[in-house]
*Asks:* 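This is the structure, below, for whatever I ask next.
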2 protein chains.
Amino acid sequence: VEAGFHHPILYSYFRSSCSWRVRIALALKGIDYETVPINLIKDGGQQFSKDFQALNPMKQVPALKIDGITIHQSLAIIEYLEETRPTPRLLPQDPKKRASVRMISDLIAGGIQPLQNLSVLKQVGEEFQLTWAQNAIISGFNALEQILQSTAGTYCVGDEVSCPQVFLYYRFKVDCTLYPTISSINKRLLVLEAFQVTHPCRQPDTPTELRA
Amino acid sequence: VEAGFHHPILYSYFRSSCSWRVRIALALKGIDYETVPINLIKDGGQQFSKDFQALNPMKQVPALKIDGITIHQSLAIIEYLEETRPTPRLLPQDPKKRASVRMISDLIAGGIQPLQNLSVLKQVGEEFQLTWAQNAIISGFNALEQILQSTAGTYCVGDEVSCPQVFLYYRFKVDCTLYPTISSINKRLLVLEAFQVTHPCRQPDTPTELRA
């Protein structure tokens, strides 16, 4: 019997924001899972191993083994969890609000993150990495801040926590005071238990010096 | 009464593959709509106009005005159409197959396209654009080809047309013979009416010399 039939296995890297997004969804839904850490920088990148490539040909985390299948792409994983474990819900009931959640999720997962993942930054070259990543975040955040002004309540869309999307970008030193709506939603999310227990500084593979 | 309440308005650019994806979805579902062309290269880029930025702060096509709201991000638009106009369906009924469709869609819309859109290529600089775009496509296609080998029937996932994802990348001169599964699915899709009528060479804003 495949392990995936027993309980889900999440292939995750503590610092990957896409992995964190899935960890939050699993935590919000109260789904038990096992973490298999994939270290993106050790051994030249464990995501390039033959075994992992067979699991996810995109050589990226996260990947989730669940119900006998393996799903990658964080938003596809979250949609699957929502369809098969509907409560508590991660998407609002109203189709128009669902559209807002997906629009915001796609903006972040498709419009910001792909431009600043490890393999892209390598291609850009060390000298330009910071500016490059900042440009991606700034242009995405400018748009997001404007969109949230019409969709947000306590959280991104209304007052319910939905697909978790907003993350800190401390790494790239973007001035968060420019984005008051994003920052305040982020603050409200970070105190929730599902965000606390799944935090990058509290993962099985978090190095000791980064633990908190 | 807002125009969006009457019939949908699609803000589209003939050559944008994300716009094309939404045009295909609208055509497959038989939804009448009006096209408002946004020329991404004319006038320094019409997506940067004040009017368009108010509509989509990400300054990207497509955007769809429908049912009194404006949605951007092509996959969010398609999910909304699927939820509000369920037949004919663009997603399979089985949650595991739905996960495959979304995984493939996210791979393309999040893993390949963002790296080769206009604003990113501009940042990369003219000298490196072709190699950069090719790298993004090749690494995405290598993964996609492998994934499709376990999901594809006539089309990407089984034998039903799903969220349309596979596009030609002629522009960047990637050798398609390296991707037999992708190429053959693409061929089978391109002969379908919904793909024909929405083709970049047959749009209201297609320049005469590119029409076919």
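Naming: A, B, ... by sequence-line order, numbering from 1 per chain. The shown structure was predicted, so the numbers you read here are calculated from the model rather than taken from an experiment.
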*Asks:* Do Ser162(A) and Tyr155(A) touch side chain to side chain, with heavy atoms closer than 4.5 Å?
*Replies:* no
*Asks:* Counting a contact as any heavy-atom pair under 4.5 Å apart, which residues of residues 40-62 of chain A contact chain B?
*Replies:* Gln53(A), Ala54(A), Pro57(A), Met58(A)
*Asks:* Measuring only between side-chain heavy atoms, which start at C-beta, is Tyr11(B) closer than 4.5 Å to Val22(B)?
*Replies:* no
*Asks:* Assess the side chains of Thr35(A) and Gln203(A): does a donor N or O sit below 3.5 Å from an acceptor N or O?
*Replies:* no
*Asks:* To check you understand the geometry: which heavy-atom pair defines the closest contact between Ile182(B) and Glu145(B), and what is its length?
*Replies:* N-OE1, 3.1 Å
*Asks:* Quick one: which of Ser74(B), Ala136(B), Gly111(B), Pro95(B) has the most heavy-atom pairs under 4.5 Å with chain A, could you say?
*Replies:* Pro95(B)
*Asks:* Measure the shortest side-chain to side-chain distance between His72(B) and Ile147(A) over non-hydrogen atoms and say whether it is less than 4.5 angstrom.
*Replies:* yes
*Asks:* Looking only at heavy atoms and a cut-off of under 4.5 Å, which of Val120(A), Leu107(A), Ile71(A) has the most pairs with chain B?
*Replies:* Leu107(A)
*Asks:* Any idea which heavy atoms bring His7(B) and Asp32(B) closest together, and the distance?
*Replies:* CB-O, 4.4 Å
*Asks:* Given that the side chain runs from C-beta out, which part of Thr84(A) has a heavy atom under 4.5 Å from chain B: side chain, backbone, both or neither?
*Replies:* side chain
*Asks:* Minimum heavy-atom separation for Gln129(B) and Leu121(B), please, with both atom names.
*Replies:* NE2-O, 3.0 Å
*Asks:* Using a strict cut-off of less than 4.0 Å between a Lys/Arg side-chain nitrogen and an Asp/Glu carboxylate oxygen, indicate whether Arg188(A) and Asp159(A) qualify as a salt bridge.
*Replies:* no
*Asks:* Quick one: which of Ile77(A), Asn142(A), Asn135(A) has the most heavy-atom pairs under 4.5 Å with chain B, could you say?
*Replies:* Asn135(A)
